[in-house]
Every structure is written in C-alpha cells, then in structure tokens.
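First comes the structure, then the notes that go with it.
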Amino acid sequence: MGVEPLTFALLLLAGVGTGLVGYLTGLASIVSYPALLAAGLPPVVANATNTVALVGVGVGATARASRLAFADRPRRTLWQVGIALVGGGIGGTLLLLGGDDVFAVVVPWLIIFGSLMLLASPRLTRLRGENEYWRSYLVTLFFVAMYCGFFGAGAGVMVLATTSILTAIPFQRAMVLKSLLLGVANILASAVFIISGVVNWWAAAAMGVGCLIGGSLGPIVQRLIPERVLRPVVAAAGIFMAIWLWVG
C-alpha cells in the first residue's frame, strides 16, 4: 500500500509535530497514531508503522543533545539502553501475538498513574533524599520499554516519573534520556514488525523524517521552557492521552 503525495506531505508535517511533542511530553503517539489512522492504515499496521517512525524522535533528540545523554556515568546509560532494547523487542512480539483487549483496559490507568507520579515527583524526591533505587529503576524501565514496544502511548511520562522518583538524574538530563531510551525500545520492536511485514514503508518514511526533524528541535525548545512549567504540562498531556484512549 502506497501513500498519495498529499497524504505523504501531511504525514511528514504530522511527524514534525510528533517529534516535538514526543520530546517535550513523551506523548508522541497522541499525534502520530491518529494521523496514521486518518491516512487509512489499519490499526495494527498503523501501530507497527508508528513504532518504526518514532525511532526518528530518539535519533533526532540524541543527535542534538548526545553529550547530555552520556554526560554522567556512561556505563549506567549503556545498561539502560540495553534494557530498553530487550524490553522493546519483547513488547513488539507481544503485539503480534495478540492481547490488545488487556492492554486497552490497563493502558489508560498506567498513563494516569505515571502522570500523577510525575506531578508528585518533586515531593517524593525530597522524601527519597540522597538515596537511589537503581535496581528498582532498571526493573521498572524494562517493563516500560516492553509497553513501549507494544503500543507506547504515554511511555515517556512513565519514564520521566520513574527516573524522577527512583534516581537522582536531573530533570533536564532525564528528558534527553527518555527520548534516547524510547527510541532504542522502538528499534528492536521495529525489527520485529519489519520481519513480520506489517509496516507501511511510505507512511513510515514520511512520519519518520518528520519525527527526526521534530525530535532535533525538542532540546532547543525545551531550553526555553522552565521545569516548573514543563512538568505539569507533561502530566496534563498524559491525562489527556488517557482520556483520549478511553473515548477512542
């Protein structure tokens, strides 16, 4: 199935919005998934194509802010990358094996929980003090990456909340890591979808190039927005995404 030139252009534009929104809020699918459905792709094909395209957000953001992503304890970052890669691959496999009904019920609640935890994270961080719960963070990251490979809506909110509560990673760096890790989780899931032959390559190309552009703009725009503003905006967007999933 190909894509008409006008549809290709609109998907490219939607991809730019997806990359920017995905970097700033971690809710890329709120733009990309409906756009792919509107382009006429069946739900499973749209989900698989969306996963392939979203790799561009992580590539664009990390290329722009790679020093920040690996600035502190690069070995730790590599551990996170490896866990995200494996989790994303498992999630992509689960999508092809079925189970949509279960996730349709659970996903909105997960997103709302992550959004509320993100709002509460400054207070929870103060309670945590100087302690880090690194192993708990890695286990949680694995499950979030698995969810990202399966569907991924709101996964960025979950990563930010988990990072803020369980680690001492600064919020600015957590934003870059979030895009890197979600991009990595999408890589292996994308490989699963590509092998299965369910990806629409014209749509993936249009959306992916747009995501690359939007993702590279994300770190620039983020520097203009204070953390005290960005945190509640991300949380509010997460709650909106949960409501959209319920209504949809």
Exercise. Begin from the C-alpha positions of K178 and T163 and carry the test side-chain contact (heavy atoms from CB on, under 4.5 Å) through to its verdict.
Key: CA-CA 9 Å; K178 172 258 302 171; T163 304; over 6 Å; no

Practice problem: Mind running side-chain contact (heavy atoms from CB on, under 4.5 Å) on T7 and W202 for me, showing each step along the way? | Solution: CA-CA 10 Å; T7 303; W202 285 104; over 6 Å; no

Exercise. Apply the test side-chain contact (heavy atoms from CB on, under 4.5 Å) to residues T77 and L177: give CA-CA distance (whole Å), side-chain angles for both, the deciding distance (0.1 Å), then the verdict.
Key: CA-CA 8 Å; T77 302; L177 278 174; 3.9 Å; yes

Practice problem: Show your reasoning for whether side-chain contact (heavy atoms from CB on, under 4.5 Å) applies to M207 and L12. | Solution: CA-CA 5 Å; M207 185 71 72; L12 178 64; over 6 Å; no

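A donor-acceptor distance shorter than 3.5 angstrom exists from the side chain of E132 to the backbone of A168, with no hydrogens or angles considered. Here the side chain of S164 pairs no donor or acceptor atom with the backbone of A161 at under 3.5 angstrom.
L20 CG to I220 CD1: the interatomic distance, rounded to the nearest 0.5 Å, is 10.0 Å. With rounding to the nearest 0.5 Å, the separation of CG in L166 from CG in L141 is 10.5 Å. In this structure, M175 CE and Y23 OH are separated by 5.0 Å, a value rounded to the nearest 0.5 Å. Distance check, rounded to the nearest 0.5 Å: CZ of R76 to CG of L138 gives 8.0 Å. Rounded to the nearest 0.5 angstrom, T18 OG1 and L36 CG are separated by 8.0 Å. The CD atom of Q172 lies 4.5 Å from the CD atom of Q222; values are rounded to the nearest 0.5 Å.
For L10, the side-chain contact (heavy atoms from CB on, under 4.5 Å) test picks out L6, with sequence neighbours left out. The side-chain contact (heavy atoms from CB on, under 4.5 Å) search around V45 returns L41, P42, T49, N200, not counting sequence neighbours. Scanning for ring pair (Phe, Tyr, Trp, His ring centres under 6.0 Å) contacts around W134 gives Y137, with sequence neighbours left out. Every side-chain contact (heavy atoms from CB on, under 4.5 Å) that V139 has, sequence neighbours left out, goes to F143. For A206, the side-chain contact (heavy atoms from CB on, under 4.5 Å) partners two or more places apart in sequence, or in a different chain, are F8, L11. Under the rule for a ring pair (Phe, Tyr, Trp, His ring centres under 6.0 Å), F193 has no partner lying at least two apart in sequence or in another chain.
Residues L37 and A46 share a closest heavy-atom pair of CD2-CB, 3.8 Å. Taking every heavy atom of both residues into account, S190 and V52 meet most closely at OG-CA, 3.3 Å. For the pair I169 and R173, the tightest heavy-atom approach, listed with the atom from each and the gap, is CG2-NH1, 3.9 Å. The two residues G183 and V55 make their nearest non-hydrogen contact at O-CG2, 4.1 Å. A189 approaches G92 most closely through the heavy-atom pair CB-CA, 4.1 Å. Across every non-hydrogen atom of V199 and A204, the tightest pair is CG1-CB, 4.0 Å.
In the model, R135 has no side-chain atom that pairs as donor or acceptor with a side-chain atom of T140 under 3.5 Å.
For the ring-ring contact (aromatic ring centres under 6.0 Å, His included) condition, no pair includes a residue of residues 156-189, sequence neighbours left out. Listed by first and then second residue, the side-chain hydrogen bond (donor to acceptor under 3.5 Å, both in side chains) pairs that reach into residues 50-59 are S29-N50, S32-N50, sequence neighbours excluded.
Residues I195 and V184 do not share a hydrophobic cluster, clusters being chains of Ile/Leu/Val/Met/Phe/Trp/Tyr side chains in contact below 4.5 Å. Placement of L13 and V31 in two distinct hydrophobic clusters is found when ILVMFWY residues are connected by side-chain heavy-atom separations under 4.5 Å, directly or transitively. Cluster annotation: L24 is not connected to L224 through the hydrophobic network of ILVMFWY side chains, with a link wherever side-chain heavy atoms come within less than 4.5 Å.
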